[in-house]
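Okay, so here's the structure we're looking at.
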Amino acid sequence: MGYSEYKDLTPIDNINNGDEYLNALEWALNNPKVKNIALAGPYGAGKSSIIETYLSREKDKKNIYEQHKFAKKYLKISMATFIEAHNNEGNETKIEIDADEVEKGILKQLFYKVEHKKIPQSRYRKLQPIHSMNVLVKVIMTSIILILFGEIFFPDICKNIWNKIDAFAMRYSWLVGKTAGVAIVLAIVGIGITSYLAKIIMSRFRVKELKLPADTTLQVSEDTEESVFNKNLDEIMYFFEETQYQLIFFEDLDRLENRKIFVHLRELNNLLNNDEAINHKPIVFVYAVRDDIFSKEDRTKFFDFIIPVIPIVNATNSGEILLEKLDNAKEHGICHKISQGFVLDIAPFISDMRIIQNIYNEFVVYKKTLQTEQHLNLSDEQMMAIIIFKNLYPSDFADIQGEKGIIKKAFQDRNVYVFTKIKELQQKIDSNTELVEKTTQNIFKSVRELKYAFLVEITEGEGVARGFNGYPGRISSANVLSDNFDLHQFQEKDYRAEYVSFSGHTGVVDMSEKVDVVDEYIKRCEAIKKYTDKNIEKIKEEIIELKNKKQKLSSRSIQWLIENDSSENVLSKEVKDNKFLVFLLRRGYLDEKYANYINYFKGN
């Protein structure tokens, strides 16, 4: 078989750097005092691979006969449990399995492992195939016995049957003298029909009811709280008495979060090793469990020997494993455009070897299906990111297909955020536009008030000028107060101001004598206009900037929004609670084009 990027998820039987585990396990198995052994380590540490490697190496040490004999000495029992997607509150929960169900499962794996003929007295029977030849042989043997029985005890009946067959043969000329042949044919037909009917009866009929005499009574034990092991203890003891199993491996029992099963198993182990009818002792139980399955005191009290298993993969080195797979593919001419930086960036979220392998398997399938076969220009890094999300949050990923779920929610949050921000920007634009209009009006109001003061100032406070006479004509005070009038005119030409004093009499002022006053008020008017114009210009620039922001905001990616604001403001609490999703969005590994990486598009 040529190179393939795919790899199964089963335990391997040739672990690296595991010699000491195997040495410790072999030492414990050779120690007659050790009957309960723990392979202790976190999920994904490689406990099952250690077991497989041990069994594989033991087989390699033996010849074919010894291998066959060794295979009958060990059993592997696994009772894995799994995680439900979400409960009503959105939290992941384990599927509950009580101790009785676990013990029933163990019994099934024990009794259905061996052929029933090895434990004929067991009440646990599995369906056996009914072979026509076996039925035929049994019918023939039964027929021969019946014939012999008849010849010995009922010779007259047998002779009468023979005479009737002979009489039947005499009726037909071509059968005369062939009585034996007719008898043989009748026997063959009878045996055939009987065999056929016997097979049908054996296949289709079961004993469903057993009627006992009226005075017969059955008494059931009052203790109905017995464990499954206790109720079937005689069966279990019989099983080990009749078989040669000495080594039982228990895997994944710790996932059940039920410590009672371990107590029952240790008690069972003790009973088996004390059973004088069992010759092949000691019987050893090996448990692949978590380190924290018991407290420190119970842990060392329960197990006779504990082998700690160091995790092969954790969050600190998972990136190296993934990079190794990518490099291996590259050596075989398969190049994935995934940078080392990406792998090291995303790897801390992965801490299980099986998950890493499954991520890589699914990545290859998705890439070849969506990118290669459909010729889509997709990013390998973004595809890998969404496959990692799929493996870490399978339920949330499945929701995407129904246009719902947390990823959909993230981009809905983005749209809501953009809509809100655009609305806020428009409000600022409207506010600033209104401010420009009001500021412009305030300029003229301020200048007009200053001109009022000017009309009083040129009279030295005695009254108010009501007009100015000069070339080319008269200028009324109303004209001077208008927004368009420029006080510079009084510098360029000679004017005489007419005024009315506050006491009511009139007077005249030569404007050539008020040059300093005119200059001062011109400067004050220009200062007001300059300051106000500058503010207006600034506000107008801000309006332009706000309009540009508003125009660009609708096309901004969610990554840009998070980087330039924060995930706290852009995303809802539901999305923010998924730290890995926020990480993908912030890095741009998951963007608005995510649907291209999960859907198969058909051409026209």
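With respect to Arg587 and Asp345, a salt bridge is recorded, a charged nitrogen being found less than 4.0 Å from a carboxylate O. Ion pair Lys576/Glu568 flagged as a salt bridge, since at least one NZ, NE, NH1 or NH2 atom sits closer than 4.0 Å to an Asp/Glu carboxylate oxygen. Comment: Lys408 does not engage Glu574 in a salt bridge, judged by the lack of any side-chain N to carboxylate O separation of less than 4.0 angstrom.
Enclosure of atom CD1 in Ile310 is not indicated, since only 12 or fewer non-hydrogen atoms of other residues, nucleotides or ligands lie within 6.0 angstrom. Residue-environment remark: CD (Gln551) stays at or below the threshold of 12 foreign heavy atoms within 6.0 Å. Residue Gln340 qualifies as open at atom CD: its count of foreign heavy atoms under 6.0 Å is 12 or below.
Here the rule is ring pair (Phe, Tyr, Trp, His ring centres under 6.0 Å) with Phe111, and of Tyr238, Phe239, Phe240 only Phe239 fits it.
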- Task: Quick one: do Ser572 and Asp413 satisfy side chain to side chain donor-acceptor pair (under 3.5 Å)? Show the steps, please.
- Result: CA-CA 6 Å; Ser572 61; Asp413 290 346; 2.7 Å; yes
- I would like to know whether Glu331 and Lys325 meet salt bridge (charged side-chain N to carboxylate O under 4.0 Å, His left out); could you show each step before the answer? CA-CA 10 Å; Glu331 290 175 3; Lys325 290 183 175 296; over 6 Å; no
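Using cut-offs of 30° and 60° on the angle between ring planes, the pair Tyr594 and Phe411 is parallel. Using the six-membered ring where Trp is involved, Phe342 and Tyr589 have ring planes that are perpendicular, over 60° apart on the 30 and 60° scheme.
Proximity of a side-chain donor or acceptor of Asp396 to a complementary backbone N or O of Ile406 within less than 3.5 Å is not detected.
With sequence neighbours excluded, no residue forms a side-chain hydrogen bond (donor to acceptor under 3.5 Å, both in side chains) with Asp13.
A cation-pi contact links Lys390 to Phe397, judged by a cut-off of 6.0 Å to the six-membered ring centre and 45° from its axis.
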